[in-house]
Amino acid sequence: MAVALFASVDEVSARLAETGYLASAEVATAVFLADRLGKPLLIEGPAGVGKTELAKAVSAASAAELIRLQCYEGIDEARALYEWNHAKQLLRITAGRGESWEQARADVFGEEFLLPRPLLSAIRSEHQTVLLIDETDKADLEVEGLLLEVLSDFQVTVPELGTISARHVPFVVLTSNGTRELSEALRRRCLFLHLDFPDEELERRILRSRVPALEESLAAAVVEVINALRGMGLRKPPSVSETVDWARTLLELGARTLDESVVADSMGVLLKHRTDIEIAHEKLQLPG
């Protein structure tokens, strides 16, 4: 059963803002359409632009449980869908030594021994859920095929238990950093949204929302430096969350302006690779 989470694009924007996520019109429209059309939302973009945070914000804004499948190289069906509790099954078989295999089998492949993983948990949930399939591009093609199968009908067949259909169709968000090209079949199944780093005005609004004690002039200076860093071709440019962390760092340091010394001393909050820090020191002409 599909239940609409949002009544309009404006409502999406307002309710996401209440959670602290400031969405552009494009983002709010994509969320609204994914909700109304019952389609998964595939979000691509560089790391740190708020892809995962958007799924969390939709969950919070709609009071729906967030279920997360973190993809990684080597993840398989057992980790994504379900597996059997083999240790518990063995104990049950051992305890019933006098039983025939048919008698034991009826027990050991029951609900008590099933370990649902994120995909099955979302389908079996009694309540509305947001299913976040994070960093989909890190999974193998076999898992991508599994996702395509599950997301097509929102049902799963467990041979020993039969077909399990979704009681509530989850709101599905897939994220990708673009390290591997996803299949056309999976893309066709989804609505698409590309997220990039926010423009300066939006990032200042984010800072005002997340770090209200930060003075406007300092917020503008922070965003200016962040944008300069993102244009340097760094291995890992600072994310929005790192912008917020840096703003909080400056407050803790009692900084009222961004002088070269403060920027140099706190650069480790923004950049996490030595080569990136060296490039930043050179191009920003920082001391040390």
Side-chain angles (χ1 to χ4, degrees), residues 5 12 16 19-21 23 26-27 30-31 34-35 38-83 115-125 127-152 154 156 166 168-183 185-198 236-245 272:
L5 303 179
V12 173
L16 290 181
T19 73
Y21 192 100
E26 180 186 9
V27 170
V31 170
D35 175 39
K39 284 183 170 290
L41 179 60
L42 171 60
I43 310 175
E44 282 191 339
V49 295
K51 301 185 296 296
T52 299
E53 289 303 314
L54 177 55
K56 293 179 179 179
V58 170
S59 170
S62 60
E65 179 188 4
L66 178 70
I67 297 179
R68 181 176 182 172
L69 172 62
Q70 178 63 54
C71 296
Y72 54 87
E73 187 176 349
I75 189 174
D76 58 12
E77 181 174 325
R79 292 295 178 184
L81 192 54
Y82 74 90
E83 60 184 325
L115 297 174
R117 298 309 183 194
L119 294 181
L120 184 57
S121 294
I123 287 176
R124 285 169 30 118
S125 177
H127 310 287
Q128 185 64 48
T129 62
V130 172
L131 173 60
L132 168 60
I133 304 171
D134 217 3
E135 298 185 300
T136 311
D137 50 322
K138 290 186 177 180
D140 298 330
L141 286 173
E142 291 77 9
V143 172
E144 195 175 315
L146 171 66
L147 293 177
L148 186 62
E149 179 182 352
V150 171
L151 298 179
S152 294
F154 291 105
V156 170
H168 298 275
V169 175
F171 184 100
V172 182
V173 174
L174 301 92
T175 73
S176 170
N177 295 332
T179 59
R180 174 179 69 80
E181 192 67 29
L182 301 178
S183 71
L186 185 60
R187 287 181 178 276
R188 283 196 301 270
R189 182 68 187 86
C190 304
L191 300 184
F192 179 76
L193 174 66
H194 179 80
L195 274 186
D196 211 333
F197 293 112
K236 173 59 176 69
S239 67
V240 175
S241 63
E242 286 160 340
T243 302
V244 173
D245 287 344
K272 310 302 168 64

Trainee: In chain order, what residues pass the salt bridge (Lys or Arg N to Asp or Glu O under 4.0 Å) check against R187, with sequence neighbours excluded?
Mentor: E44, E181
Trainee: Can you name the residues that form a side chain to side chain donor-acceptor pair (under 3.5 Å) with D134, not counting sequence neighbours?
Mentor: T52, R68, T175
Trainee: Do any N or O atoms from the side chain of D137 and from the backbone of S176 form a donor-acceptor pair under 3.5 angstrom?
Mentor: no
Trainee: What is the distance from atom CZ of F171 to atom OG1 of T129, rounded to the nearest 0.5 Å?
Mentor: 11.0 Å
Trainee: Test of understanding: with salt bridge (Lys or Arg N to Asp or Glu O under 4.0 Å), list the residues that count as partners of R79, not counting sequence neighbours.
Mentor: E83
Trainee: Can you sort out the partners of A61 under side-chain contact (heavy atoms from CB on, under 4.5 Å), two or more places apart, ordered by chain and number?
Mentor: F6, R15, L16, T19
Trainee: Is a side-chain N or O of Q70 found less than 3.5 angstrom from the main chain of I133, in a donor-acceptor match?
Mentor: no
Trainee: In Å, rounded to the nearest 0.5 Å, how long is the span from CG of L195 to CD of E53?
Mentor: 11.5 Å
Trainee: So L186 and T136, do their side chains get closer than 4.5 Å, heavy atoms only?
Mentor: yes
Trainee: Without swapping roles, check the side chain of S152 against the backbone of L148 for a donor-acceptor pair under 3.5 Å.
Mentor: yes
Trainee: Sequence neighbours excluded, which residues qualify as side-chain contact (heavy atoms from CB on, under 4.5 Å) partners of E149?
Mentor: none
Trainee: Does a side-chain heavy-atom distance below 4.5 Å link R189 with K39?
Mentor: yes
Trainee: Can you tell if the side chain of L81 reaches within under 4.5 Å of the side chain of L146, non-hydrogen atoms only?
Mentor: yes
Trainee: With heavy-atom distances below 4.5 Å as the criterion, would you say the side chains of I67 and P170 are in contact?
Mentor: no
Trainee: Measure from the side-chain N and O atoms of K51 to the backbone N and O of G45, and report whether any donor-acceptor pair falls under 3.5 Å.
Mentor: yes
Trainee: Output all residues satisfying salt bridge (Lys or Arg N to Asp or Glu O under 4.0 Å) with K236, sequence neighbours left out; order by chain, then residue number.
Mentor: E242
Trainee: SG of C71 to CG of L174: how many Å apart, nearest 0.5 Å?
Mentor: 8.0 Å
Trainee: Kindly say whether S183 contributes a backbone atom to a donor-acceptor pair with the side chain of E144 at under 3.5 angstrom?
Mentor: yes
